[in-house]
Enquirer: 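Structure below; questions to follow.
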Amino acid sequence: MQIEDLRNIALNLKGSTEDIKWEDHLCFTIGGKMYLVTSPDQVPSTASFKVTPEEYEALLAQPGFQKHSHLARYHWVHLNDLNRLSKNEWQHFIRQSYELVAAKLPKKVKKELNILIDSENREPGTGI
């Protein structure tokens, strides 16, 4: 997997945007909140993202995963090489991170982005 592959997955999620933070991190956000942070200039490229509490410990037991240095208490993990996950796994983790972050957005922001979540009887990330 390349950064461009992750970028395509992320930007296909409703309301997702990208920007550069800290001079060299390509970050993907929903409603101004990060859900995926990549380091495209590192070799190999790395990424950090939010996971469910259930997946958190299991992922940390796998090679290449570690607690995110600043966001671990929110169940963010850091992966030291994008190629450790398949395209299907990346699709799952990016979408899941997006949904976990989007679910915490204020209702007004969700409405502005047209991303109403399950509890509002809409499919996450699609506005349907």
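Quick caveat: nothing in here was measured; it's all calculated off a predicted structure. Excluded from the calculations below are hydrogen atoms, water molecules and symmetry mates; all remaining heavy atoms, backbone and side chain alike, are included. By convention here, the first residue in the shown sequence is residue 1.
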Enquirer: Establish, yes or no, whether a centroid distance under 6.0 Å links the rings of W76 and Y35.
Expert: no
Enquirer: Given side chains that start at C-beta, do those of K14 and Y98 come closer than 4.5 Å, heavy atoms only?
Expert: yes
Enquirer: I'd like to check E18 versus R7 (side-chain heavy atoms, cut-off strictly below 4.5 Å). Are they in contact?
Expert: yes
Enquirer: Excluding sequence neighbours, so at least two apart, what forms side chain to side chain contact (heavy atoms under 4.5 Å, CB included) with L100?
Expert: K50, T52, Q96
Enquirer: Any non-hydrogen side-chain atom of H25 less than 4.5 Å from a side-chain atom of I20?
Expert: no
Enquirer: Report, as yes or no, whether the 6.0 Å neighbourhood of atom CD on Q2 holds more than 12 heavy atoms from other residues, nucleotides or ligands.
Expert: no
Enquirer: Quick check: do V37 and F49 have side-chain heavy atoms less than 4.5 Å from each other?
Expert: no
Enquirer: Side chains of S97 and L36: closer than 4.5 Å at any heavy-atom pair?
Expert: no
Enquirer: Are any non-hydrogen side-chain atoms of L59 and L79 less than 4.5 angstrom apart?
Expert: no
Enquirer: By the salt bridge (charged side-chain N to carboxylate O under 4.0 Å, His left out) test, which pairs, at least two apart or in different chains, include something from residues 20-35?
Expert: D19-K21
Enquirer: Under 3.5 Å, is there a donor-acceptor pair between the E55 and H92 side chains?
Expert: yes
Enquirer: Is there a side-chain contact between T38 and T46, using heavy atoms and a 4.5 Å cut-off?
Expert: no
